[in-house]
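Remember, it's a predicted structure, so these values are computed and weren't measured experimentally. In what follows, every chain begins at residue 1, and chains take the letters A, B, ... in the order their sequences are listed.
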Amino acid sequence: MPELPEVEAVKEGLNQLIRHKTIQSVDVLWDNLILGDSTRFKQMLVNQQIETIGRRGKFLIINLTDFQLISHLRMEGKYDYYRTEIPSSKHNHVFFHFIDGTSLVYNDVRKFGRLQLVNKGMALEQPNLRKLGPEPLGDAFTLNYFIHALKKSRGLLKPVLLAQNIVVGLGNIYVDESLWQAQLHPKRAANQLTNKEYQRLHQAIISVLSLAVEMGGSTIRTYKNALGEAGQFQQHLHVYGRTGLPCDRCGQPIEKIKLNGRGTHFCPRCQSLNNDFLDS
DNA sequence: TTGAGTGTTGTCGA
DNA sequence: ATCGACAACACTCA
């Protein structure tokens, strides 16, 4: 489900809903969602107060009195907030009960998500967070940085952009959309673009993600933010889920291929493997 | 009915 | 070290 824009929307919702609330108890119905010992996880959270909720890449970071709770939604993780009774669902797996009687429930159909409690200040020191690249909408994501990073990289454009070590936040939807916007084939060698192409790609990533954040993300099948609201960026998709439909730029039917196991959508005319002529 | 496909990423083997 | 395949799991669709 969630790429950067969706996680950002969840973060915003959680900040509205659970800031300053104090946890009374925690229930875990599927231990594999918890990294580390789930008994300790439940114990340590009692009496912790929520300060603020942040985001790093696709990770949510819930800042507590003495700890940080790292939460990754992976494919289908969601948070639901309830003021009264919690409707029964076979996919509700983790329950945070607050002293005011309200609850935050982690729901995950596929159980791929992960929750990890670490000491305050240690979230960004975890190995998987430490190797993340810069935020695409932050100051560190400069064109110069991006060019140098991609020139050092090996492999094909799309897999390299999905790896999160050069820039965070892109997933299968937004990488396809960014490559369409930049008119680059997903199988181009990532270290062999022209400077003009690097510039187009850099700009495309920023503009696609900015608009998607503004629209509250994309709701393709099931995504909802913590307030229960759908995203609206799906109205703006040009290639993802548009296989066979005419390209919005040139009319050629959108193609779908498999690239490293991921469905990959692109326009075979606008995003040719040999499109150097676009720079002339 | 069965198999393929689904928004992610950590791990494993070459 | 790096890259691709696979696993974690449930559900939908052809």
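- When the P atom is used for both C:dC13 and B:dG7, the distance is 15 Å, rounded to whole Å.
- Nucleic acid contact for A:R114: none, since no nucleic acid atom lies under 4.0 Å from a heavy atom of the residue.
- For the OP1/OP2 pair of B:dT6 and a distance below 4.0 Å, the side-chain nitrogens and oxygens of A:K258 include at least one atom meeting the criterion.
- Nucleotides B:dT1 and C:dC9 have their P atoms positioned 24 Å apart, rounded to a whole Å.
- We find that CG of A:L259 is positioned 11 Å from C1' of C:dG4, with the value rounded to whole Å.
- Remark: A:H72 is not in phosphate contact with B:dT8, judged by side-chain N or O atoms under 4.0 Å from OP1 or OP2.
- Rounded to whole Å, atom P of C:dC9 lies 12 Å from atom CZ of A:R74.
- Phosphate contact (OP1/OP2 of C:dC3, side-chain N/O of A:K158, threshold under 4.0 Å): absent.
- Distance check on atom C1': B:dT6 versus C:dC3 gives 23 Å, rounded to whole Å.
- Looking at heavy-atom distances under 4.0 Å, A:N128 makes contact with sugar-phosphate atoms alone, never a base.
- Scanning for ring pair (Phe, Tyr, Trp, His ring centres under 6.0 Å) contacts around A:H236 gives A:F233, with sequence neighbours left out.
- Residues A:R188 and A:L156 have side chains not in contact (no heavy-atom distance under 4.5 Å, counting atoms from C-beta outward).
- Nucleotide B:dG5 holds its C1' atom 12 Å from the CD atom of A:E76, rounded to whole Å.
- The separation of B:dT9 from C:dA1, taken at their P atoms, amounts to 22 Å, rounded to a whole angstrom.
- As a whole-Å value, the separation of A:R262 CZ from B:dT8 C1' is 6 Å.
- Side-chain polar atoms of A:D108 and A:H93 form no donor-acceptor pair below 3.5 angstrom.
- Considering only side-chain atoms of A:V109, the nucleotide from C:dG4, B:dT6, C:dA10 that sits closest is C:dA10.
- A:R110 has its CZ atom 15 Å from the C1' atom of B:dG10, to the nearest Å.
- Spacing between atom CG of A:N165 and atom P of C:dA1 amounts to 14 Å, rounded to whole angstrom units.
- Both tests pass for A:R249 against the ring of A:W180: distance under 6.0 Å to the centre and angle within 45° of the axis.
- A donor and an acceptor atom, one from each side chain of A:N144 and A:T142, are nowhere located under 3.5 Å apart.
- A:H91 has no side-chain polar atom (N or O) that falls below the 4.0 Å cut-off from OP1 or OP2 of C:dC9.
- Pairing for B:dG5 goes to C:dC11, judged as Watson-Crick or G-U wobble with the two contacts each under 3.5 Å.
- As judged by a 4.0 angstrom heavy-atom cut-off over every strand, A:Y240 is placed among residues touching the sugar-phosphate backbone only.
- Nearest to the side chain of A:N172, among C:dC9, B:dT9, B:dG7, sits B:dG7.
- Ring-plane geometry between A:H72 and A:F59 is classed as perpendicular, the angle between the planes exceeding 60 degrees on a 0 to 90 degree scale with a lower cut at 30.
- By the stacking rule of 5.5 Å between ring centres and under 30° between planes, A:F112 stacks on the base of C:dA8.
- In this structure, the CG atom of A:L35 is 9 Å from the P atom of B:dT11, given to the nearest Å.
- Atom CZ in A:F233 sits roughly 15 Å away from atom P in B:dG7 (whole-Å rounding).
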